[in-house]
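Beneath this line is the structure, given in structure tokens, with notes to follow.
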Amino acid sequence: MKNILYIELMKSLKNKLFILSVILGFGVTFLNFLYNYELYTTESEKIRLYSNEFGITYNPMLSMNTLYNSWVGGEAFTLGTTVFFFIIPILTTIPYGWSYCSELKSGYVRNVITRCGKMQYFISKYIATFISGGLAVTIPLICNFILTASFIPAYQPQVRYMQYYGIFSGTFLSEVFYQNPVIYVLIYIFIDFIFCGLIACLSCTSANIIKNKIIAMLTPFGVLLLLNYISGIIKISSNIETSPMNFLRPCPVACPVTSGVIITEMVILFIITIIPMIIRGRHYEIY
């Protein structure tokens, strides 16, 4: 198990498509950083000029513009953050979502499982796809957070400026955000890692039915678009966010999400991705 898992992890993390996915994600978040940094410096310059011109001390409201509402996950209305979280299903499947379908079609699977065993191969493929999908999204997020922190001060968020953060009373993990925003960011990055890994594994589930690797890779995107549409209908009556495309953003887009929704959808995604791999691992016929 260790040998085949190591091989699959190296194949998933050292291939050119994984690097391409990370570069694409970072490119989008970098453009988002440039916009927010320019916005921050412009506002700071306005405050300085106002104070000098009128000879008064102007309240800079430092906590209004801080790292935690300037990084790509801390705001919800710029083009950069909208594009990044919209293309998450694509970023997760580019690195390794195509591999399982391609190996099933080429006959590579038969050659491998005669050496390592059926269940070992399928579980290793699942884990490698999961990790590569999660890292393809969280690496750009972490890089953007670090880059933004290098230029925009990490002033402690204040409750009286909550309208500038979008984190209101009753919002998921709102208490953590105002007491320890770094922990809040780390928790959300972890949640994004788990979800993006599971989204990537949807391509493996679809590959058991669909033999075209391009369609298998695009299936997670279609599933999330469908969930986003259904979520729009649900929000009319419940006012609760249920679309992963929206609640994977640390800053709420419109409606708040609950821990119950996150855990439920996480468990459902795990079940519909791991069970087909286990069934395939037990019943796959070599000849």
Side-chain angles (χ1 to χ4, degrees), residues 12-13 18 21-22 24-26 28-29 71-74 76 81-97 100 125-145 171-173 176-177 183-206 216-232 234-235 240-277:
S12 66
L13 300 179
F18 175 78
S21 183
V22 172
L24 177 61
F26 177 74
V28 175
T29 62
W71 76 293
V72 70
T81 188
T82 300
V83 170
F84 181 79
F85 285 97
F86 182 76
I87 65 173
I88 272 181
I90 297 175
L91 293 178
T92 59
T93 56
I94 287 177
Y96 213 49
Y100 179 61
K125 179 65 70 174
Y126 182 92
I127 294 173
T129 304
F130 178 91
I131 292 176
S132 63
L135 290 178
V137 171
T138 54
I139 288 177
L141 284 176
I142 293 171
C143 290
N144 176 268
F145 185 77
T171 302
F172 178 62
L173 297 177
V176 177
F177 178 78
I183 298 299
Y184 177 88
V185 171
L186 292 177
I187 291 174
Y188 246 103
I189 289 177
F190 176 73
I191 292 173
D192 287 356
F193 175 81
I194 298 298
F195 259 96
C196 291
L198 293 172
I199 290 169
C201 290
L202 278 174
S203 61
C204 294
T205 301
S206 63
M217 288 174 61
L218 292 177
T219 297
F221 186 62
V223 170
L224 262 69
L225 283 178
L226 178 61
L227 288 176
N228 193 58
Y229 174 75
I230 296 173
S231 175
I234 295 174
K235 282 189 289 188
I240 296 177
E241 187 61 71
T242 56
S243 171
M245 279 185 165
N246 291 331
F247 70 62
L248 290 181
R249 302 186 187 194
C251 177
V253 178
C255 300
V257 68
T258 64
S259 58
V261 169
I262 293 176
I263 294 173
T264 299
E265 294 197 19
M266 193 180 293
V267 171
I268 292 174
L269 275 175
F270 177 71
I271 291 173
I272 65 177
T273 54
I274 191 63
I275 289 181
M277 296 297 281

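Below, each value reflects all heavy atoms present in this structure, side chains not excepted, and no hydrogens, waters or symmetry copies.
- Distance check: F193 CZ to I142 CD1 gives 9.5 Å after rounding to the nearest 0.5 Å.
- Contact annotation: the side chain of C255 never approaches that of I240 to less than 4.5 Å [non-hydrogen atoms, C-beta and beyond].
- The backbone N or O of V261 lies less than 3.5 Å from no partner atom in the side chain of T264, so there is not a single donor-acceptor pair.
- In terms of heavy atoms, I199 sits closest to P89 at CG2-CA, 4.1 Å.
- Of all non-hydrogen atoms in T205 and P276, the two that sit nearest each other are CG2-CG, 3.9 Å.
- When all heavy atoms are compared, the tightest approach of M217 to G97 is CG-C, 4.0 Å.
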Side chain to side chain contact (heavy atoms under 4.5 Å, CB included) between T138 and C196, intermediate numbers included: CA-CA 9 Å; T138 54; C196 291; 5.9 Å; no
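- In this structure a side-chain-to-backbone donor-acceptor pair under 3.5 Å is missing from T219 to S203.
- Between F84 and F26, a ring centre-to-centre spacing not shorter than 6.0 Å is recorded.
- In this structure, the side chain of T92 does not engage the main chain of G133 through any donor-acceptor pair within 3.5 Å.
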Trace of the side chain to side chain contact (heavy atoms under 4.5 Å, CB included) decision for Y96 with L13: CA-CA 8 Å; Y96 213 49; L13 300 179; over 6 Å; no
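- Just one of V137, V28, D192 meets the side-chain contact (heavy atoms from CB on, under 4.5 Å) condition when paired with F85; it is D192.
- Atom CZ of F130 and atom CD1 of I194 lie 4.0 Å apart (nearest 0.5 Å).
- Annotation: side chain of F18 is not in contact with side chain of S12 (no heavy-atom distance under 4.5 Å).
- Side-chain atoms of W71 and L141, non-hydrogen and from C-beta on, do get closer than 4.5 Å to each other.
- Annotation: the span from S243 atom OG to L226 atom CG amounts to 10.0 Å, rounded to 0.5 Å.
- E241 places none of its side-chain heavy atoms less than 4.5 Å from the side chain of I262.
- Put simply, OG1 on T29 and CD1 on I139 are 11.5 Å apart, with the number rounded to the nearest 0.5 Å.
- With S231 contributing its side chain and L227 its backbone, the two residues share no donor-acceptor pair below 3.5 Å.
- When side chains are defined from C-beta on, I230 does not count as touching T242, because their heavy atoms never get closer than 4.5 Å.
- The two atoms that bring P140 and L135 nearest to each other are CD-O, 4.0 Å, heavy atoms only.
- In this structure, N144 contributes its side chain and V72 its backbone to a donor-acceptor pair below 3.5 Å.
- Once rounded to the nearest 0.5 Å, the distance linking CG of L218 with OG1 of T93 reads 7.0 Å.
- How far CG of L198 is from CD1 of I268: 11.5 Å, rounded to the nearest 0.5 Å.
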From CA spacing to verdict: side chain to side chain contact (heavy atoms under 4.5 Å, CB included), R249, V257: CA-CA 10 Å; R249 302 186 187 194; V257 68; over 6 Å; no
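- Ring geometry for Y188 against Y184 counts as tilted: the plane angle lies between 30° and 60°, on a 0 to 90° scale.
- Between F195 and F247, the gap from one ring centroid to the other is short of 6.0 Å.
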Candidate pair F86 and F221, rule side chain to side chain contact (heavy atoms under 4.5 Å, CB included), full reasoning: CA-CA 9 Å; F86 182 76; F221 186 62; 3.6 Å; yes
